[in-house]
Participant: 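Following this message is one structure expressed as structure tokens.
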Amino acid sequence: MHVTVFDLNEDGAKTVADEIGGASVAGDVTDPEHCQRAVDRAADPGPLRVAVNCAGTGWIGRVIDRQGNPHELGPFEFIQRLNVIGTFNIMTKAAAAIAKTDPLTDTERGVIVNTASVAAFDGQIGQLAYSASKGAVVGMTLPAARDLSVVGIRVVTIAPGLFDTPLLGMLPEEQRQALGQSVLFPKRLGDPARYGELVVHIATNNYINAEVIRLDGGIRMPPK
Ligand SMILES: NC(=O)c1ccc[n+]([C@@H]2O[C@H](COP(=O)([O-])OP(=O)(O)OC[C@H]3O[C@@H](n4cnc5c(N)ncnc54)[C@H](O)[C@@H]3O)[C@@H](O)[C@H]2O)c1
């Protein structure tokens, strides 16, 4: 298997690609041309079989803040561009490339894995923009899987809970511990390796399709 890592962070993408013997492409998922470049790279020599959408971030902002000011449009739009349009860009371009490959068992050609969040279902106070974006990723799963069934491409979404990634690494250790304690079981932040394992399972188990899978240690996020 050969992996192409596509990320805005050029050095980060290269470091990961070097570790796994893959290729790296620097670019922005909100830019359709960058996404096309990344997909072309991944499909050469190919065949491209799996596309995993991971780029995304969060934003904290209430509908109205404590002073009564309305949520600004700018950050709301930024989050939808990154989390929704980024996912759309890679999904559509990867699907077009996978659709050109020769079919495998069961006439399957490949799979697209998108990343939502438990915030799509349990949006907390201040997660208006983030929950809207992840709800959209969840909402795209079934229609995309239906659209792509004719070319043998599955679409599956993972909705992670709290994972120990650089995103949460920015929090003080005390807060990270407290977040871990809020997980039903096991009481800790998720290891990103579990996410990777689920992607591999989704890629190899071709009866999983059109589904959103929570990967969250049973957590149900409280209002705050
Ligand atoms: N960490 C968690 O607890 C958690 C929980 C639920 C969902 N998620 C989702 O998982 C995904 C990955 O999150 P993470 O925790 O690994 O975050 P992270 O910040 O550690 O990684 C996100 C990656 O996306 C890249 N990126 C940001 N903007 C980009 C752009 N415009 N184009 C290309 N790449 C871009 C960043 O450079 C970074 O490498 C996100 O979609 C996030 O919403 C994370």
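Residue indices begin at 1 and follow the sequence shown. Computed from heavy atoms alone, side chains included, the values below leave out hydrogens, waters and symmetry copies. Atoms within a ligand are numbered from 1 in the order they appear, just like the ligands themselves.
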Participant: Anything under 3.5 Å between a donor and an acceptor, one on a side chain of residues 69-79, the other on a protein residue two or more places apart or in another chain? List them.
Facilitator:
from: N69; atom 1: ND2; to: D65; atom 2: OD1; distance (Å): 3.4
from: N69; atom 1: ND2; to: D65; atom 2: OD2; distance (Å): 3.2

Participant: Walk me through it: do N206 and R154 pass the test side-chain contact (heavy atoms from CB on, under 4.5 Å)?
Facilitator: CA-CA 8 Å; N206 84 351; R154 295 177 292 123; 3.8 Å; yes

Participant: Quick one: list whatever passes side chain to side chain contact (heavy atoms under 4.5 Å, CB included) with V50, sequence neighbours left out.
Facilitator: V52, V111, A203

Participant: Does one side chain, of E173 or Q177, offer a donor that lies under 3.5 Å from an acceptor on the other?
Facilitator: yes

Participant: Nearest 0.5 Å, what's the CD1-CD distance between I98 and E108?
Facilitator: 9.5 Å

Participant: Considering residues at least two apart in sequence or located in another chain, which fulfil the side chain to side chain contact (heavy atoms under 4.5 Å, CB included) criterion with T165?
Facilitator: F163, L167, P192

Participant: Show me a pair-per-line table, with atom names and distances to 0.1 Å, of protein N or O atoms that are under 3.5 Å from an N or O of ligand 1.
Facilitator:
from: ligand 1; atom 1: 1 (N); to: F163; atom 2: O; distance (Å): 3.4
from: ligand 1; atom 1: 1 (N); to: T165; atom 2: OG1; distance (Å): 3.1
from: ligand 1; atom 1: 3 (O); to: G161; atom 2: O; distance (Å): 3.4
from: ligand 1; atom 1: 3 (O); to: F163; atom 2: N; distance (Å): 2.7
from: ligand 1; atom 1: 15 (O); to: T165; atom 2: OG1; distance (Å): 2.5
from: ligand 1; atom 1: 20 (O); to: L167; atom 2: N; distance (Å): 3.3
from: ligand 1; atom 1: 31 (N); to: D28; atom 2: OD1; distance (Å): 2.8
from: ligand 1; atom 1: 32 (N); to: V29; atom 2: N; distance (Å): 2.9
from: ligand 1; atom 1: 34 (N); to: L8; atom 2: N; distance (Å): 3.2
from: ligand 1; atom 1: 37 (O); to: D7; atom 2: OD1; distance (Å): 2.5
from: ligand 1; atom 1: 39 (O); to: D7; atom 2: OD1; distance (Å): 3.3
from: ligand 1; atom 1: 39 (O); to: D7; atom 2: OD2; distance (Å): 2.6
from: ligand 1; atom 1: 41 (O); to: C54; atom 2: O; distance (Å): 3.0
from: ligand 1; atom 1: 41 (O); to: K134; atom 2: NZ; distance (Å): 2.9
from: ligand 1; atom 1: 43 (O); to: Y130; atom 2: OH; distance (Å): 2.7
from: ligand 1; atom 1: 43 (O); to: K134; atom 2: NZ; distance (Å): 3.1

